[in-house]
Amino acid sequence: MGVQGDKIPGDLAGVPTPLLRKTTVNYYGVVDFHDIEIRRVVKCVERTSSIDYFNLSDKIAFIGQQIRAGLLTNFPGVIADRQISLRTYRRCCIGSQLVDWIIQECNLVHSRQQGVGMWQVLLEEGVLKHVCNEYNFEDKNLFYRFREDDCGSEQGPPGASVPLADSVLLQECFTTLAKMGPDALMRLMLRKPPKERTAEDLDYIYEELLHIKALSHLSNSVKRELASCIQFESQEGSGTVLIKQGDEGKSWYIILKGSVNVTIFGKGVVGQLHEGDDFGKLALVNDAPRAASIILRDERCHFLRVDKEDFNRILRDVEAKTERLKENGKDVLVLEKLSRSDGSQSNKYTIMAGTPEKMVEYILDSCVDCRDDDEHDYFMEDFFMTFNVFMTVDRLCTLLMSYYNETVKTDDRYHGEEGGFDLKATEQKKIRVVRTVLRWVELIPQKMGEESELMPLIGKLRSALHSDGMLSLLAQFERGLENSDNLLLHKNTSRKKEGPSSMLWIEHSPHLARMSSSSRQRISRPTIDDSEESKSLKREPLCPNTDVKFKVYYPDRSYCTLKLGLGSSVSEIAKEASEKLAVNPEDCVIFEMKSTGEKVIFKESDTCIITTISHNGRLFAAPKGGIEKLKPLQEQEGPNSSSFNDLEIMSSREIALQMTLYDFELFNCVFESEFVFSVFKKHHFPGKIVGNLDCFLARFNEVQHWVISEICLTPLLSKRVHLLRKFIKIAQHCRDFQNMMAFFGIIMGLSNIAISRLSQTWEKLPSKFKKLFKEFETLLDPTRNHRTYRLAVSKQESPFIPFMPLLMKDMTFIFEGNKTIIDGLINFEKMHMIANTIRYIRCARKENFVGDNLPLVKNRADIRHYVRNLHVIDNQRTLSQLSHRLEKRPE
Ligand code: CMP
C-alpha cells in the first residue's frame with residue numbers, strides 16, 4: 001500500500017506533503033464500485049487518515065464508504081433484500097434500524113433526532129437514498145440503500161468481497177458526521193411542508209433561528225412564528241439567477257451558505273452578499289418590483305426563505321425599521337419604515353437618505369409602479385418638490401432619458417453567454433419613464449407652457465417615443481399631459497405669443513406688478529378704476545422671462561424706463577441704464593434707494609432684483625463713487641394725508657374681502673419651488689427666481705405700514721379712534737376669511753410703537769374693541785414656538801392664507817438645523833420636512849377663495865382698487881415723528 005514518498009494523487013496535490021500521514025487502513029478486497037470517483041478517493045485515503053483533506057462531496061462519499069463497511073462488519077444482515085407489497089427491494093436497510101445502530105456505535109449521539117441528522121447528511125450527498133427516491137431520511141420503517149448497493153437494477157446480493165471497517169477511522173467519520181448532522185437535520189425539517197412539522201421540529205428550528213444574524217433584531221415570539229413557515233432552499237450553479245430585477249417580489253431570503261452578486265441593469269454588479277446577509281425585502285415591503293437581480297456566485301448556495309404571505313403576516317410590521325442598500329461597498333440608499341401620524345410604524349419604507357442617482361433609480365424601479373394604498377408615501381412628491389436642492393433639472397432629465405434608452409438583455413448574460421434582448425423589460429423601462437414624467441406633472445404644479453422646466457424633457461421624450469415607434473405609449477403620454485391641470489401645454493398659454501399682454505408694469509411697490517392689457521400698459525394709481533377690463537385683470541405668476549417695465553432713476557432725478565426679463569442680471573440692467581449716464585456699464589452702480597435714504601448696492605451677478613425693492617424704494621443708477629450724497633426722491637416719502645374720507649365710506653367687511661381676494665391672487669402666484677429656492681438661498685440656483693414670493697411677503701409689510709400711516713396721518717383724535725375701530729373690524733373680518741397674512745399685518749401695524757404709544761387714542765376706544773384687540777394680540781405671542789397661533793389655525797380648512805413669515809421661519813429652522821449632505825448622501829429627511837411645510841401651503845390653497853356669497857356693495861370696484869393701490873409711508877422714523885406730533889409724551 002502507498003507510503004510516504006509515493007506520487008501524490010491529483011486531488012491531494014495541493015496538500016503539503018508533511019501533512020499526509022501514513023494510514024493503517026486495510027482493504028480486504030474492494031467491492032466493485034460503480035463510481036470511479038469513490039474509488040479514487042478511497043485510494044487517496046490509503047495514503048492519509050485525515051478525511052479533512054477532501055472536498056465536501058468526496059469527504060462524505062468516503063464517510064459513506066466507511067459507515068457501510070462498519071455496518072457490514074458490525075451489524076450483519078442489516079443490508080438485505082426486503083419485500084413490501086409483493087415487491088422486492090435489493091440490498092437495502094431500514095431507516096429506524098440505521099438510527100438504532102448509529103446510537104449504539106457512536107458515543108456522540110444522544111438522541112434519535114441527532115442520528116437522523118447524521119444519516120440525512122449522507123442522503124443529501126446521494127451516498128444514501130430512499131429506495132424510491134421519495135423521502136428524506138426518516139426514523140421509520142422506510143428503506144434506504146447505499147450508493148454502492150444500487151446497481152441500477154434489482155439484481156442479486158452483493159459480491160462476496162466486502163470492505164472491512166477500521167474502527168478508528170469509523171469513529172473519525174462519526175465525529176465528522178455528528179458535526180454536520182445538526183445542520184442537515186435543520187434542513188430536513190425546513191424542507192418539510194409547514195403542516196407536517198412536528199412540535200419537536202418546531203422547537204428545533206426555533207432554537208436554530210435564535211443564532212441567525214439576520215433575525216437577531218426580531219423578538220423571540222416572531223422567531224417562534226417563523227419556525228412554522230420558514231423554508232430551506234438550495235440553489236445550484238454559479239450564475240443562476242435567483243431574483244430577476246423587475247419581477248414581482250415573492251420571497252425574502254437569508255443566505256445560509258455561499259454568496260450572491262447584486263446586479264442592476266445598466267450598472268452590472270453593484271455588490272456582493274454573503275452568509276448571514278439577507279435580501280429581497282424591499283419588493284415585499286413596498287409592493288414594488290424587484291430593485292436588483294440576485295445571482296449565485298458559488299456552485300451551491302443555501303438560503304432560508306420566507307414567502308410573501310408569511311412575510312406579510314409575521315414580519316411586515318416588525319421587520320427592521322431601517323434598510324441600507326450598498327453599491328460597491330458604499331451606502332447608496334437608506335430606507336426607513338414610515339411613521340404614521342399617530343406615531344406608530346407603518347408597513348412601508350420611505351427614503352431617508354441616498355445618492356441623487358439612486359433615488360431617481362428607486363423612483364423608476366420601485367415607486368412608479370407601486371400600487372396606491374392608504375399608506376401614502378410622499379417620497380416621489382417630495383423628491384420632485386425639492387430635487388433642485390441637490391441636482392439640476394438637466395441632470396435629472398439626463399438620468400431619466402438614459403433609463404429610457406437602456407436595453408435589457410435576457411438572463412443569458414448572467415451566465416456569461418451572449419444573450420438576446422429582453423424586449424418586454426426594455427419596453428417596461430420606457431413605460432416607467434413616461435409614467436414618471438406624468439406623475440411629476442400630476443404631483444407638482446408647473447409653470448405655464450413653455451416656461452415649465454419640464455418642457456425640454458417632454459420634447460425629448462416625445463421624439464424618442466416617436467422614433468422608437470411606440471405610438472400608443474406616445475398617445476397615452478399626450479393624453480396624460482393634456483388631462484393635467486398642472487401643465488397647460490396645448491392651450492396656447494405661452495405669454496410670449498400673446499404680445500403686449502406679456503408685459504408687466506412694475507411701478508412702485510413690487511406687489512403692484514400686474515398683467516396689463518394691450519390697450520393699457522400702465523394703470524395709474526390715483527384714479528379709481530371700475531372698468532370690467534380692470535376687474536377681469538387677474539394677476540399671473542412672474543417667470544424669469546416675463547418682461548417687466550420699470551424705472552431707473554439717475555442722480556439728477558431724471559429716469560429711464562427699461563423693459564427687460566424679470567430674471568435679468570444687474571449687469572444687464574447696468575448695460576441699458578449706463579448709456580444715459582455716459583459711463584461704461586462696469587462703472588455704473590445699480591442700487592436701491594430706500595425711503596430712509598439707505599442705499600442697497602446690488603452685485604453685478606444679482607438677478608431678479610425688481611421684486612426685492614421695498615414699497616417706497618426706487619431703483620437708481622449712478623457712476624461709481626457718486627452715490628454717497630444722493631437723497632431719496634420726494635415721492636418716496638409717501639402720502640401726507642390719510643385716506644380717512646375714502647375709508648369712511650367703505651365697509652370693513654368689503655375691505656377685508658377685497659384684501660383677501662388680492663392676497664389670494666398673490667399667494668396663488670407663488671410657485672412651490674420658490675419656497676425651496678428662498679430657504680436654500682436663492683443664489684445657489686442660477687436662473688431661478690423667487691419674485692412671486694417676494695411680492696407676497698412684501699404685501700404683509702405694506703399692510704402694516706398702511707395701518708400705521710393712516711392713523712399717524714389723521715390729526716383729529718376722534719377720527720383716529722374711528723380708524724382704530726375700523727382696522728380692528730377689518731382684522732376681525734380678515735380672520736373670519738382665514739386670511740392670516742392680512743390679519744397679522746393689521747394687528748402688527750396696530751402694535752407698532754408709533755401706534756401703541758398713542759395712549760389718548762387707545763383710551764377712547766370702546767372697551768369691546770379693546771378686548772377684541774387684546775384677544776388678537778395674544779395670537780402674536782411667540783412663546784412655545786407660537787403655540788397660540790398654531791393651535792388657532794390648526795383646524796383651518798382650504799382656502800386659507802397662512803401667516804407666511806412664520807412658515808418661512810419654520811423652513812429656515814429646518815434648513816439651518818439639518819445638514820443637506822451626510823456621509824456623501826442627500827439627507828432626504830430634511831427634504832421631507834421642507835416638503836411637509838410646502839404641502840401645508842398647498843393644502844391652504846387647494847380651494848380658491850371666491851367670496852362671492854357676500855352681499856354686493858355698490859362701491860366694490862372702488863374698494864378693490866383702493867386695497868390694491870395702498871399709499872403708505874414705509875419709513876419708521878417718519879412714522880414715529882408723526883406719532884409724536886399727534887400725541888406728545890405725557891410730562
Ligand atoms: P428587492 O427589491 O426585493 O429584490 C432585490 C434585492 O436586492 C433588494 O430587494 C435588496 O434587498 C437587495 N439589494 C442589495 N443591494 C441593493 C442595491 N444597491 N440596490 C437595489 N437592491 C439591492
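One-based numbering, in listed order, for ligands and for the atoms of each.
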Enquirer: Any nitrogen or oxygen of V270 lying under 3.5 Å from a nitrogen or oxygen in ligand 1? Just yes or no.
Expert: no
Enquirer: On the 0 to 90° scale, with breaks at 30° and 60°, tag the H130-Y135 ring pair as parallel, tilted or perpendicular.
Expert: perpendicular
Enquirer: Is K250 salt-bridged to D307, cutoff N-O under 4.0 Å?
Expert: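 No, this pair does not count.
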Enquirer: Identify, for atom 9 (O) of ligand 1, the protein heavy atom at the shortest distance, and state residue, atom and that distance.
Expert: L282 CB, 3.3 Å
Enquirer: For the pair E674 and K688, find out whether any cationic side-chain nitrogen is under 4.0 Å from an anionic carboxylate oxygen.
Expert: no
Enquirer: For K429, give me all partners under salt bridge (Lys or Arg N to Asp or Glu O under 4.0 Å), at least two apart in sequence or on another chain.
Expert: E406
Enquirer: What are the atoms of ligand 1, with element, lying closer than 4.0 Å to any heavy atom of I294?
Expert: 7 (O)
Enquirer: Would a 4.5 Å heavy-atom cut-off, applied to side chains only, mark R842 and P445 as touching?
Expert: yes
Enquirer: To which protein heavy atom is atom 2 (O) of ligand 1 closest, and what is the distance rounded to 0.1 Å?
Expert: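 Answer, as residue, atom name and distance: A291 N, 2.7 Å.
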Enquirer: Indicate yes or no: at least one non-hydrogen side-chain atom of Q231 is less than 4.5 angstrom from one of L190.
Expert: no
Enquirer: Within a distance under 4.0 Å of any heavy atom of E323, pick out the atoms of ligand 1 and give their elements.
Expert: 11 (O)
Enquirer: If you measure every N or O of L325 against every N or O of ligand 1, does any of those distances drop under 3.5 Å?
Expert: no
Enquirer: Assess whether side chain to side chain contact (heavy atoms under 4.5 Å, CB included) is satisfied between L177 and L122, documenting all intermediate values.
Expert: CA-CA 9 Å; L177 268 193; L122 298 183; 4.1 Å; yes
Enquirer: Quick one: look at K281 and ligand 1, take heavy-atom pairs under 4.0 Å, and tell me if it's side chain, backbone, both or neither.
Expert: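 Backbone only.
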Enquirer: Which ligand 1 atoms does A292 reach within 4.0 Å, using its non-hydrogen atoms?
Expert: 5 (C), 7 (O), 20 (C), 21 (N)
Enquirer: Assess whether a salt bridge exists between D365 and R432, defined as any Lys/Arg side-chain N lying under 4.0 Å from an Asp/Glu carboxylate O.
Expert: yes
Enquirer: Please say whether the positively charged group of R839, taken as NZ for Lys or CZ for Arg, lies over the ring of Y378, i.e. under 6.0 angstrom from the six-membered ring centre and within 45 degrees of the axis.
Expert: yes
Enquirer: Which residues pass the salt bridge (Lys or Arg N to Asp or Glu O under 4.0 Å) test with R197, not counting sequence neighbours?
Expert: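 Testing R197 for salt bridge (Lys or Arg N to Asp or Glu O under 4.0 Å), a comparison that skips the adjacent residues, returns none.
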Enquirer: Side chain or backbone of V262 under 4.0 Å from ligand 1, or both, or neither, by non-hydrogen atoms?
Expert: side chain
Enquirer: Identify, for atom 11 (O) of ligand 1, the protein heavy atom at the shortest distance, and state residue, atom and that distance.
Expert: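 Among all protein heavy atoms, the one nearest atom 11 (O) of ligand 1 is G280 N, 3.0 Å.
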Enquirer: Please determine whether a side-chain nitrogen of the Lys or Arg among E248 and R290 lies less than 4.0 Å from a carboxylate oxygen of the Asp or Glu.
Expert: no
Enquirer: Side chain, backbone, both or neither: which applies to K358 and ligand 1 if a contact is any heavy-atom pair less than 4.0 Å apart?
Expert: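 Contact part for K358 vs ligand 1: side chain (C-beta onward).
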Enquirer: Under 4.0 Å from a heavy atom of A283: which atoms of ligand 1 are those, numbered in the order shown and with their elements?
Expert: 1 (P), 2 (O), 3 (O)
Enquirer: May I ask you to identify the nearest protein heavy atom to atom 4 (O) of ligand 1, giving residue, atom name and distance to one decimal place in Å?
Expert: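 Atom 4 (O) of ligand 1 sits closest to the protein heavy atom R290 CD, 3.2 Å.
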Enquirer: Students should be able to answer this: which protein heavy-atom is nearest to atom 18 (N) of ligand 1, and at what distance?
Expert: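 Looking only at protein heavy atoms, the one closest to atom 18 (N) of ligand 1 is K326 O, 2.9 Å.
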Enquirer: Report, in ascending order of atom number, the atoms of ligand 1 lying under 4.0 Å from any heavy atom of E327.
Expert: 18 (N)
Enquirer: Please list, in number order, the atoms of ligand 1 under 4.0 Å from a heavy atom of F279.
Expert: 11 (O)
Enquirer: Considering both backbone and side-chain atoms of D278, is one of its nitrogen or oxygen atoms within less than 3.5 Å of a nitrogen or oxygen in ligand 1?
Expert: no
Enquirer: Compute the minimum heavy-atom distance from E361 to ligand 1 and say whether it is under 4.0 Å.
Expert: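 Checking ligand 1 against E361, which is what was asked, there is no heavy-atom contact under 4.0 Å.
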Enquirer: Please identify which atoms of ligand 1 are closer than 4.0 Å to at least one heavy atom of I264.
Expert: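 Matching atoms, with element in brackets: 19 (N).
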Enquirer: With respect to L273, determine whether any N or O atom, backbone or side chain, lies less than 3.5 Å from an N or O atom of ligand 1.
Expert: no
Enquirer: If only side-chain N and O atoms count, and only distance matters, is there a donor-acceptor pair under 3.5 Å linking T176 with K59?
Expert: no
